[in-house]
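Below is one structure, written out as structure tokens; comments come after it.
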Amino acid sequence: MKFLVCISNVPDTTTKITFTPDNKEFNKAGVQFVINPWDEYALTRAIELKEAAGSGTVTVLNVGEADTEPNIRKALAIGADDAIRVNAAPTDAYFVAEQIAAIAKEGAYDVILMGKESIDYNGFQVHGMVGEMLGVPTVAPAMKLDMSGNTATLEREIEGGKEIVSVNTPFVASCQQPMCEPRIPNMRGIMTARTKPLKVVPAVGEPARTQVQEYALPPKKQGVKLIDAENAGELIKLLRNEAKVI
């Protein structure tokens, strides 16, 4: 079984977000980047399934520039066998999906996994696009994944409950908790990751189809106003005219 796990390089959740002076790009200065937390579920589950089967491979794929390689090496330290980096900035969802689909098709991967979304843009788009480009089923968002031969059983979240589906390989799935407990690299993994293959390939297809016109931070929170418990009329007035919630 050949697993392809797609990972994104995202700012740490504690990062203070700022933009370049023209507000067209995220300011990376002083920012610590991590593997997208949702992608860690996909990576760990792929490794668990490979180990349970006693055979197979787990390949990590990242669309990004050279500065993403430390986190690619971390994924290798966690347990992936090899990695591929598409040497291009992940400019929009369609462009990223196009790169993933090209690699998946060329490598004839059986299972393509990724997180349900990246925590920077929260787009929830790439998995569906990849499945459509490859002409294979997509299951999203999956909370549980088990394999029996070439058949997978997945549990996914739906409004008001859950749905259990089965699908034959090849397929695409996006992952979320509680699929597994994400692993952290141990010392042996860190040492072996240094020698695992990391192939860099050029991007394919068309340039990004969308361009950012401007980024903007949300408005700053206003100070809290305390209203006397006996002054219900003033509270209603503020909720209607200032907060505009009634």
Side-chain angles (χ1 to χ4, degrees), residues 1-8 35-62 71-86 97 99-116 126-128 130-131 133-157 162-199 201:
M1 188 71 64
K2 295 179 67 176
F3 293 90
L4 181 66
V5 179
C6 311
I7 64 170
S8 298
I35 298 173
N36 179 46
W38 298 118
D39 298 335
E40 291 185 321
Y41 289 101
L43 175 60
T44 298
R45 190 58 184 146
I47 294 167
E48 290 175 346
L49 290 169
K50 185 197 82 167
E51 291 173 347
S55 63
T57 59
V58 176
T59 299
V60 168
L61 171 61
N62 170 254
N71 279 325
I72 298 175
R73 288 291 177 192
K74 180 181 177 181
L76 293 171
I78 290 171
D81 299 293
D82 63 313
I84 301 170
R85 178 173 68 82
V86 177
Q99 309 314 308
I100 296 171
I103 296 294
K105 186 175 182 180
E106 181 182 354
Y109 290 93
D110 301 295
V111 181
I112 300 99
L113 300 178
M114 63 192 75
K116 69 172 185 176
V126 173
H127 49 266
V130 172
M133 291 173 183
L134 293 173
V136 302
T138 300
V139 181
M143 301 186 298
K144 186 176 181 181
L145 167 61
D146 293 306
M147 298 290 302
S148 177
N150 292 326
T151 301
T153 301
L154 301 100
E155 182 177 299
R156 76 182 195 95
E157 188 175 37
K162 62 183 180 180
E163 179 181 62
I164 298 174
V165 299
S166 62
V167 61
N168 292 329
T169 59
F171 67 90
V172 178
S174 68
C175 307
Q176 68 172 49
Q177 86 279 14
M179 180 168 283
C180 58
E181 183 67 30
R183 293 184 181 182
I184 59 174
N186 55 34
M187 184 55 66
R188 183 175 180 274
I190 293 170
M191 297 300 292
T192 58
R194 298 175 182 176
T195 58
K196 289 181 178 179
L198 195 172
K199 182 169 69 172
V201 300

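In this structure, E106 places its CD atom where only 12 or fewer heavy-atom neighbours from other residues, nucleotides or ligands lie under 6.0 Å away. Counting heavy-atom neighbours within 6.0 Å of I190 CD1, excluding the residue itself, gives a total above 12.
Taking each heavy atom of A80 and V60 in turn, the nearest pair found is CB-CG2, 3.3 Å. Closest heavy-atom contact between P170 and Y109: CB-O, 3.8 Å. The heavy-atom pair separating A42 from G115 by the smallest distance is CB-N, 4.3 Å. Heavy atoms only, all atoms of each residue included: G149 and M1 are closest at O-CE, 3.2 Å. Here the shortest heavy-atom pairing between A104 and L134 reads CB-CD1, 3.9 Å. When all heavy atoms of P197 and L76 are compared, the pair lying nearest together is O-CD1, 4.4 Å.
Expressed to the nearest 0.5 Å, how far CD of Q99 lies from CZ of R85 amounts to 12.5 Å. Taken to the nearest 0.5 Å, the OG1 atom of T169 stands 5.0 Å off from the CG atom of D110. Here the straight-line distance linking atom CE of M114 with atom NZ of K116 works out to 14.5 Å at 0.5 Å rounding. In this structure, E181 CD and E40 CD are separated by 10.5 Å, a value rounded to the nearest 0.5 Å. Taking CD1 of I84 as the start and CD1 of I100 as the end, the distance is 11.5 Å to the nearest 0.5 Å. Note that CE of M147 and CG of L154 are 8.5 Å apart. Values are rounded to the nearest 0.5 Å.
Under 4.0 Å is where a charged nitrogen must lie from a carboxylate oxygen, and between R183 and E51 at least one such pair does.
None of K196, K2, K50 except one satisfies the salt bridge (charged side-chain N to carboxylate O under 4.0 Å, His left out) rule with D81; the exception is K50. The one candidate from E163, M143, Q176 that meets the side chain to side chain contact (heavy atoms under 4.5 Å, CB included) condition with R156 is E163. The residue from T138, V126, V167 that alone fulfils the side chain to side chain contact (heavy atoms under 4.5 Å, CB included) condition with V172 is T138.
Looking at L43 and V58, their side chains come closer than 4.5 Å, going by heavy atoms from C-beta outward. Within the 4.5 Å cutoff, no side-chain heavy atoms of C6 are placed close to those of D39. The side-chain heavy atoms of L113 and L145, taken from C-beta on, include a pair separated by under 4.5 Å. Side chains of C175 and W38 form no contact here, defined as non-hydrogen atoms less than 4.5 Å apart. Side-chain contact check for F171 versus I112: every heavy-atom pair is 4.5 Å or farther apart.
In this structure, the side chain of R45 does not engage the main chain of M179 through any donor-acceptor pair within 3.5 Å. A donor-acceptor pair under 3.5 Å links the side-chain atoms of N186 to the main chain of G189, judged by distance alone. Side-chain atoms of N62 come within 3.5 Å of backbone atoms of I7 as a donor-acceptor pair (strictly under, hydrogens ignored).
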Pair V201, I103 - check side-chain contact (heavy atoms from CB on, under 4.5 Å), show working. CA-CA 10 Å; V201 300; I103 296 294; 4.1 Å; yes
